[in-house]
Structures are given as C-alpha cells and as structure tokens.
Amino acid sequence: MLNSIFGIQPEALSAFLGEYFPAYRSKQLLHWIYGRQVCDPAQMTDLPADFKSFIQSSFSFNMPAIRQKNQSRDGSVKFRLALEDQAQIEMVLIPEGRKMTLCVSSQAGCARACAFCATGSMRLSRSLEAHEIVQQLLLARQNSPQPITNLVFMGMGEPLDNLDNVLEALKLIQHEAALAFSPRRTTLSTCGIVPGIHLLADSGVKVKLAVSLNSARDELRSELMPVNLKYPLPVLKRALLYYLQKSRYRVTLEYILIPGVNMGGQDLKALRKFSGDLACKINFIPYNPVPGLPYAAPAPEEVEEFMQRAQSLPQAIMLRHSRGSDIGGACGQLVVAAKATNNGGS
Ligand code: SF4
C-alpha cells in the first residue's frame, strides 16, 4: 500500500521529489494541496503529465469519504467520515461570529471509558494515522463557508493515547509550507494521561493544553473517569505544573456540570484547592445528555446558581455552552458504529 501524501512532511517530500524533478515541483504540489485544498492530481492543472504520473505511483491521494453531514440549529455541522479501512470517525465545524472552530478526532472510538461520554462507550476501534488527522482539516477547509480559525482535538478519542501520530499531524498542520495553522489557535484536550502530558511538553510542538477535569475530588473523578485511578489528582497537578513550566500557554480546565454529581459546595471547594496555584482558566460546560447514560443536563437555574458561587474562584472562569447538541455533535456526544458493526455507543 502506498504512503498517503497527506502524512509526508514537506522536507521529506522535497528531498524525495528533488531526486527526480526540479525543486519547484514539490513547492507547486504543496501549494495545490495545502494552499488550494486540491487533493486530486488530475485537477492540478499546471503540473506536467510525467510528474503527475510519478506522484500518483509514489503516494496515495485517497481522501476519507463524507458519509453523512448534519447541520445543527446553531449552525454547527457534524461530518461522519469513512476512512480507507471503513473505520468511521466524526468531526464538527462550529461557527461563532467570525470564528470557525474545527473539532477533530484522534482515534476511532476511545479506550478511556469516561462514564459520561458516548465515545467512551464505543471502546477503541483504532488510533488514527497522522494523515487521517490532517485530512480532517483539509476536508473541513473544502467544506467550510468561512476560514477555519481554531482547531481543537476534542472529538473522538484521547489524543495523548495516540501521541506520535498526533505530533506528526501537528507538525504538518503548523508547518509554514503545509497548513500553516497557528499553535495559539490549536488546543489539545486530554482526560489526564500524565506521561503523555510530559512527552507533549518535551516534544517542542507548541499547542494549548486543556484537561477534562470534571471533578477535583479523587473519589468522584475516579468514578467519572477511570484514568484517575492510574493518574490521581496530585499526580495530574504535577504534570500540569510541568507543562506550564515548559510552555508559554495557560492550561484550560474543562468542567462538565452534571446536577447531583459535581455541582455541590464540596466540589467547588475541592476545585479551588486543586486549581489555586495553577495558571489556568476554567471552562464550565453544562452536560449534554447521552441516551443510555444515567446523567441529566442541569436546569438553567442550577447553572446560574453554580456560576454565581464559582465567581469566588481566583481564576478566569467561563460558561461555555457546547454546540451542536441537537445533532449529537456536542462535547461527549460523538459516537459512530465502528467498521459498520455496532460496537456499542448509544
Ligand atoms: S471524554 Fe475523551 S477520553 Fe473520555 S471516553 Fe470520551 S473521548 Fe475518551
């Protein structure tokens, strides 16, 4: 099977093609793909036939197929994509004024089994290759009515469980000769894989880090997120301090609000203690119910009352309403049947 062109770093591509063609040919090819989002050599009109036939016999230009597209009332659009082996993933485009955020998947399914998450109930089908992450951004650019300004790794999967491929994809996404996407506008969200946070901090790849915290009480967090049994809060906290030391970006703590679970006085007290000396901001997100899971959405009054109490936290706090909930495209709702068999989900 040929390597996908969409996973080759520009330097490697230039070095390879430079053995057979003048240097400007690889620049032209990169410009067609990443500058114009033209992924089919047949449509690259100023390339000579011998060059086109050489690249087609050297690389795969296959793109994922868009199997389904759902538009939310709030303007978000969820895409279901079928990969070459027919594994399926989802990505979501989220417009907000002049901002257009793309939420990408890093795995088909997820092994982390967070209790509130639809993807977690699917189990892991497989991790995505670097090119399958890059292709999401290319497809989104082709299908977005406005330029994509922000990129978040908050779709299906735990990015730090697929760190090598995510880093490889990020290099292409941020490379000046490829997608040239700003690291300041790229956020990777993790459930708290401590070794992965260290490796990411040491990788030299710049990206904003968000942690799906959801509780600062070890017992409750372990119930909601089994990862906490392996990397409990004090260990996670040390990893975040390390990340902060290495990166110039503040960390974001994501906290899903689930009534009767993590919105009480002791929850806020624990959050204050956990986040006290951390340069972070905290996003509170009202839970989006998932059919089959035992958690409800909070009432607007419950959210308002909680947010008033949360004003006492020393950090910047924000109430973020997850978008696309009517199409199952909001935080924690992404789920597809893997390889056309129903692997669980809802
Ligand atoms: S919240 Fe993230 S890490 Fe947890 S199961 Fe869902 S996709 Fe996996």
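Small disclaimer: the values here were computed from a predicted structure and weren't measured. Residues take their numbers from the sequence shown, with the count starting at 1. As the structure lists them, so they are numbered: ligands from 1, and atoms in each ligand from 1.
Here the shortest heavy-atom distance to atom 2 (Fe) of ligand 1, taken over Ser212, Gly109, Gly157, belongs to Gly157.
Glu90 and Gln68 share no donor-acceptor pair across their side chains, judged by distance under 3.5 Å alone.
Heavy atoms from both the backbone and the side chain of Cys114 come within less than 4.0 Å of ligand 1. Contact annotation for Ala118 and ligand 1: no heavy atom of the residue comes within less than 4.0 Å of the ligand.
A donor-acceptor pair under 3.5 Å links the side-chain atoms of Tyr287 to the main chain of Phe116, judged by distance alone.
Atom 8 (Fe) of ligand 1 has an N, O or S atom of Cys110 under 2.8 Å away, backbone or side chain.
Listed by number with element, the atoms of ligand 1 under 4.0 angstrom from any heavy atom of Ala113 are 5 (S).
Not counting sequence neighbours, Arg272 has no partner by the salt bridge (charged side-chain N to carboxylate O under 4.0 Å, His left out) test. When the side-chain contact (heavy atoms from CB on, under 4.5 Å) test is applied to Asp277, the partners found at least two apart in sequence or on another chain are Lys237.
For Arg320 and Glu96, the salt-bridge test fails: no basic side-chain N is under 4.0 Å from an acidic carboxylate O.
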